[in-house]
Number of protein chains: 2
Amino acid sequence: MVTIHDVARHAGVSAMTVSHVINEHPHVKDATRERVLQSMTELDYRVNVAARNLRTGRTGTIGLAVPEVNRPYYGQLGAAIIEEAARHFLHVVIEQTGASRENELDALALSRNRMYDGLILSTVGLGPADTDLLRVDYPVVILGERIFDGPVDHVAMPNVAGAKAAVAHLVEAGCTAIALVEGVDFQETSVSGLRMAGFESALAEAGIEVDPQLIISVDVFSLASGVRAAQQLVASGRVFDGVFCITDTIALGMLRGLHELGVRVPQDVKVIGFDNIEEGGYSVPSLSTVDPDHAFMAKRAVELLVRRIASGSSGVDPQEVTSAFRVVARESSSG
Amino acid sequence: MVTIHDVARHAGVSAMTVSHVINEHPHVKDATRERVLQSMTELDYRVNVAARNLRTGRTGTIGLAVPEVNRPYYGQLGAAIIEEAARHFLHVVIEQTGASRENELDALALSRNRMYDGLILSTVGLGPADTDLLRVDYPVVILGERIFDGPVDHVAMPNVAGAKAAVAHLVEAGCTAIALVEGVDFQETSVSGLRMAGFESALAEAGIEVDPQLIISVDVFSLASGVRAAQQLVASGRVFDGVFCITDTIALGMLRGLHELGVRVPQDVKVIGFDNIEEGGYSVPSLSTVDPDHAFMAKRAVELLVRRIASGSSGVDPQEVTSAFRVVARESSSG
DNA sequence: CTGAAAGCGCTAACAT
DNA sequence: ATGTTAGCGCTTTCAG
């Protein structure tokens, strides 16, 4: 491994001068700089970030911890955050928490370990009870999903309002018996809980009573879950003419499941999801959904994190912003 | 930030003893260990990986560099590699290269910078001309995609054979005029080039001549590209009864595009993709594809990398393994 | 079983 | 404009 000293010796200067060149300090004579640069190239020198980090406490990298890397929604989120971070000359690395509370805490710990300058945590495992654990002295931004008064910056999704609008959209489209597919582990502050609240609120406003038989719980937010939910719904014998699935992935599975059972969408049943993942625009029929403005969320999350990193003021005066949303009406709810 | 010295002082021992406890060295009296552990908990101590790394040269983390995080195929790959790495007690971080040669080289550089113990690089930008740049002295495994005689371990996809089998499957299903949707930037060693070779080989064997009019090039492997390819194909006026898309994502777009144009799949045209992404099992109609055995690729890639890390023998006697494949026949090519 | 010394590669703060 | 000193937090080596 070639070090700064090797370069210094080769260029006939001190290590300090090499450091100055690397860090683009102004007071270096052009000729010297050239010579050092030349030596760096010849020796194929690369800075050792571990050593630099040990000294400066900065890595130039931020972490993004998501529940599942293999989920379109998080892929999209990752892409948006990478793009936004690049504007601030920050590198992004993504890691998976498996939606478990422990791993989310691990990610926090790793960040604190100074592997990253800060962490954007898309949490689903942590809840209001973990507020204290989030009270850390390094830059963290919580993204989307759950909502609670944490000690850190939080970019929230319009879960309740968005879900309400989605269901209201079904009502407007003429649905009177609307089913809900939600996550089994719902609490008041979880994605499921919040979107379910929106569902109930919309029905109440429309004067429709909630039919417990039309509420299906799934354990994971997967395509397979959507198919199973469709089967359960049809098997129940209950009539229904609309379904709100709390994620697009589930909704896409629902579309497939209903198709297999000979239920026509949107003629017999209208379907709407939540998240506006890219795939929803290309299914047959295309999927109506709620767009929570990923780009906005990514932008704000990175901005908040960058501010914390720059100011070193972690934990004081936590900000909370909620993105706007819009209902995207496509074929699955038309007619 | 609490350091090893703080813990040492608190526990009334030396920093060295704390280090021994952390690293589970055997020669520490139980009572001492308990005391140290207790202090670590009380002070909420976390090792500083930058410092440890500086000393040991190990981080316990491996990198996975993929062209695009927002692509189902890479999401799946990431999930499989994370799972496999966990078996070896290794952490995985994912970064995006944007399918550019420069960024792939950057990822290599970062890895060399000892941010990671090793790197799994899913390359599309690097080609045979870059062989020398891969001649690095730290653990690297090249995954899938392109194929060329590199100086590092390589886990390859069965691109040619798999594509050939896919097209042969269409022939068996009765197709006689088969279209191909491939990437515009194909070279002999690229994904497109290789899968195209399989396409041509299958047609030759079936005694069908390649119709250049039925070969559509797309610039990115996206759903939108698939839709556009369908439009081009139909607009050309050429008759065709089968389409091989070189990735499932394109194929899913093709399904949607054909649907919009009133072309029935599989009655009028049969479609097959490549990659076996989860979504293909849930589209309407479900998508036939080639399964390149992700799990195997992930397993071998991690194993090869771990061996290199352990032995420190980077660059000597590079291994090359190719995964097996199987054609998955679903609705889009049935009947 | 425990600890003292030394140094990993780099840079902040200060000379010169 | 360039160099000296010191030390980031940790662990390897070796001595007690």
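The analysis underlying the following values was restricted to heavy atoms, covering all of them including side chains, and did not include hydrogens, waters or symmetry mates. Convention: sequence-line order gives letters A, B, ...; per-chain numbering from 1.
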With a 4.5 Å heavy-atom cut-off, do V302(A) and V141(A) have their side chains touching? no
What nucleotide among dT13(D), dT5(D), dC10(D) has an atom nearest to a side-chain atom of M16(B)? dT13(D)
If you find the nucleotide of DNA chain C closest to V13(B) and the one closest to A15(A), which residue's nucleotide is nearer the 5' end? V13(B)
d(CG, L43(B); P, dG9(D)) in whole Å: 15 Å
Do D153(A) and R300(A) have side chains that get closer than 4.5 Å, going by heavy atoms? no
For H27(B) and dA15(D), give me the distance from atom NE2 to atom P, rounded to whole Å. 17 Å
Does dG3(D) have its OP1 or OP2 closer than 4.0 Å to a side-chain nitrogen or oxygen of S14(A)? yes
Mind checking whether Y116(A) and V93(B) have side chains closer than 4.5 Å, heavy atoms only? yes
Would you say CZ of R33(A) has more than 12 non-hydrogen atoms from neighbouring residues, nucleotides or ligands within 6.0 angstrom? yes
Length of the CZ-P vector between R58(B) and dT12(D), whole Å: 11 Å
Does R55(A) reach a base, just sugar-phosphate, or nothing at all? Heavy atoms under 4.0 Å. base
Separation of dT2(D) C1' from I4(A) CD1 (nearest whole Å): 14 Å
Regarding E42(B) and Q38(B), do their side chains bring together a donor and an acceptor under 3.5 Å, going by distance alone? yes
Pairwise side-chain contact, V124(A) with E104(A), heavy-atom cut-off 4.5 Å (strictly under): yes
Where each residue is assigned the nucleotide of DNA chain C containing its nearest heavy atom, which of I22(A) and T32(B) is assigned the position nearer the 5′ end? T32(B)
Take atom CG of L54(B) and atom P of dG7(D), then tell me their distance rounded to the nearest Å. 17 Å
Range on DNA chain C touched by chain B, heavy atoms, distance below 4.0 Å: dC1(C) to dG9(C)
Which pair of heavy atoms, one from A301(A) and one from L143(A), lies closest together, and at what distance? CB-CD1, 4.0 Å
Separation of H20(B) atom NE2 from dC10(D) atom P, in whole Å? 14 Å
In whole angstrom, what separates H25(B)'s NE2 from dC14(D)'s P? 15 Å
